[in-house]
J.: 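Take this structure, written in structure tokens, and hold onto it; I'll ask about it next.
Owing to the predicted nature of the structure, the values given are computational and were not obtained by experimental measurement.
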Amino acid sequence: PSGSGKSTLVNLLTGFIRPDVGKIVFNGRDVTDEAPERRGVGAVFQSFALFPHMSVFDNVAFGLRCQKVPRKDIARMVSEQLEAVGLGDKAKRRPHELSGGERQRVAFARALVTKPAVLALDEPFGSLDVQLRGSLRVAVRRLVRRSNVPAILITHDRDDAFGVADKVGIIRKGRL
């Protein structure tokens, strides 16, 4: 339910807030005190959070540039990731030239291209129509499995949860 702590969990994982108690550990590495950009969390939100002044290519390349990945590697990695999400032919477009589903696939490509330790998905299908949600669920499940990155999907929607997840948990009053 709303207010149970779902988005708080994503904010804890990404490092936007600190836990009052306990630790956050990815693959045996304690990241509790690490800055968000050093944690290795890829995040996808309901709002897409794309940079409107950048092309699709530049949106996906953004994290790699922040990590100072060599230019030739960025070109290859971004092209591969755009092909993986079915947008290889849209690299030069701007977000406003894309459909909602295409924008969400750009957000997934941007989150996955940096090879994160964890992928945090906070209501990623929430702003999409029912038909598009269904097709994107299938694509996301395939992408996550192919990338071999553990993902946490936060959603109110049972169809989203059962359509994407291998395991489902329920958060109620801040408890899993």
J.: Who passes side chain to side chain contact (heavy atoms under 4.5 Å, CB included) against Arg146, sequence neighbours left out?
T.: Ala84, Arg142
J.: When rounded to the nearest 0.5 angstrom, what distance separates CG in Leu64 from OG1 in Thr114?
T.: 6.5 Å
J.: Testing the basics here: between Lys92 and Ser55, what is the closest heavy-atom pair and its distance to 0.1 Å?
T.: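 That closest heavy-atom pairing would be O-CB, 4.0 Å.
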J.: Could you walk me through whether Val10 and Ile152 pass the side-chain contact (heavy atoms from CB on, under 4.5 Å) test, one step at a time?
T.: CA-CA 8 Å; Val10 170; Ile152 296 177; 5.7 Å; no
J.: May I ask whether Val85 and Leu121 are part of the same hydrophobic cluster, defined by side-chain heavy atoms of I, L, V, M, F, W, Y residues being less than 4.5 angstrom apart, directly or through others?
T.: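 Result: yes, single cluster for both.
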J.: Taking the side chain as everything from C-beta on, heavy atoms only, tell me whether Pro19 gets closer than 4.5 Å to Leu12.
T.: yes
J.: When Ile, Leu, Val, Met, Phe, Trp and Tyr are grouped by side-chain heavy atoms lying under 4.5 Å apart, directly or through other members, which residues fall in the same group as Val168?
T.: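 Direct or chained contacts put Val168 with Phe162.
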J.: How would you list, by chain and number, every residue that makes a side chain to side chain contact (heavy atoms under 4.5 Å, CB included) with Arg76, sequence neighbours excluded?
T.: Asp73, Glu80
J.: Going by salt bridge (Lys or Arg N to Asp or Glu O under 4.0 Å), name the pairs with one or both residues in residues 102-113, residues two or more places apart or in two chains.
T.: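 Qualifying pairs, neighbours excluded: Lys90-Glu102.
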J.: Locate the shortest heavy-atom distance separating Asp157 from Asp159; write the atom from each residue and the value.
T.: OD1-N, 2.8 Å
J.: With a 4.5 Å cut-off on side-chain heavy atoms, are Leu82 and Val56 touching?
T.: yes
J.: Locate the shortest heavy-atom distance separating Val113 from Val60; write the atom from each residue and the value.
T.: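 Heavy atoms only, the tightest pair is CG1-O, 3.3 Å.
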J.: Which residues satisfy the salt bridge (Lys or Arg N to Asp or Glu O under 4.0 Å) test with Arg65, sequence neighbours excluded?
T.: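 Arg65 satisfies salt bridge (Lys or Arg N to Asp or Glu O under 4.0 Å) with Asp58 once adjacent residues are dropped.
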J.: Working to the nearest 0.5 angstrom, can you tell me the gap between Gln104 CD and Phe45 CZ?
T.: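 If we round to the nearest 0.5 Å, Gln104:CD and Phe45:CZ are 11.0 Å apart.
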J.: Ile171: which residues meet the side chain to side chain contact (heavy atoms under 4.5 Å, CB included) condition with it, sequence neighbours left out?
T.: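 So Ile171 forms a side chain to side chain contact (heavy atoms under 4.5 Å, CB included) with Ser4, Lys6, Leu9, Leu176.
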J.: Could you tell me the separation between the CG atom of Leu143 and the CZ atom of Phe108, rounded to the nearest 0.5 Å?
T.: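 That separation rounds to 7.5 Å.
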J.: Examine distances only and state if a side-chain atom of Gln81 and a backbone atom of Val78 form a donor-acceptor pair shorter than 3.5 Å.
T.: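 Side chain of Gln81 to backbone of Val78, a donor-acceptor pair under 3.5 Å: no, none is there.
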J.: Sequence neighbours left out, what passes side chain to side chain contact (heavy atoms under 4.5 Å, CB included) with Val144? Give chain and number order.
T.: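 Applying side chain to side chain contact (heavy atoms under 4.5 Å, CB included) to Val144 gives Leu119, Val140, Ala151.
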J.: Enter the distance from Arg137:CZ to Phe125:CZ here, rounded to the nearest 0.5 Å.
T.: 7.0 Å
J.: Compare all side-chain heavy atoms of Phe16 with those of Pro36 and state whether any distance is below 4.5 angstrom.
T.: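 Of all side-chain heavy-atom pairs linking Pro36 with Phe16, at least one is under 4.5 Å.
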J.: Which Ile, Leu, Val, Met, Phe, Trp or Tyr residues join Val25 in one cluster when any pair of side-chain heavy atoms under 4.5 Å counts as a link?
T.: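 Besides Val25, the cluster holds no residue at all.
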J.: Sort and list the pairs that fulfil side chain to side chain donor-acceptor pair (under 3.5 Å) and have at least one residue in residues 23-44, not counting sequence neighbours.
T.: Arg18-Asp33, Arg29-Glu34, Asp30-Thr32
J.: Working to the nearest 0.5 angstrom, can you tell me the gap between Leu50 CG and Asn59 CG?
T.: 5.0 Å
J.: If you measure from CG on Asp160 to OG1 on Thr155, what distance do you get to the nearest 0.5 Å?
T.: 4.0 Å
J.: Linking I/L/V/M/F/W/Y whenever any side-chain heavy atoms sit under 4.5 Å apart, do Ile17 and Ile154 land together?
T.: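 Hydrophobic grouping puts Ile17 with Ile154.
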J.: Output every pair passing salt bridge (Lys or Arg N to Asp or Glu O under 4.0 Å) with a member in residues 115-125, not counting sequence neighbours, ordered by first then second residue.
T.: none
J.: What are the two closest heavy atoms between Ile74 and Val69, and how far apart are they?
T.: CD1-O, 3.2 Å
J.: Run through the side-chain heavy atoms of Ile, Leu, Val, Met, Phe, Trp and Tyr, join any pair under 4.5 Å, and report what else lands in Met54's cluster.
T.: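 Other cluster members: Phe51, Phe62.
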J.: With sequence neighbours left out, what residues match Arg141 under salt bridge (Lys or Arg N to Asp or Glu O under 4.0 Å)?
T.: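 Arg141: salt bridge (Lys or Arg N to Asp or Glu O under 4.0 Å) contacts with Asp166.
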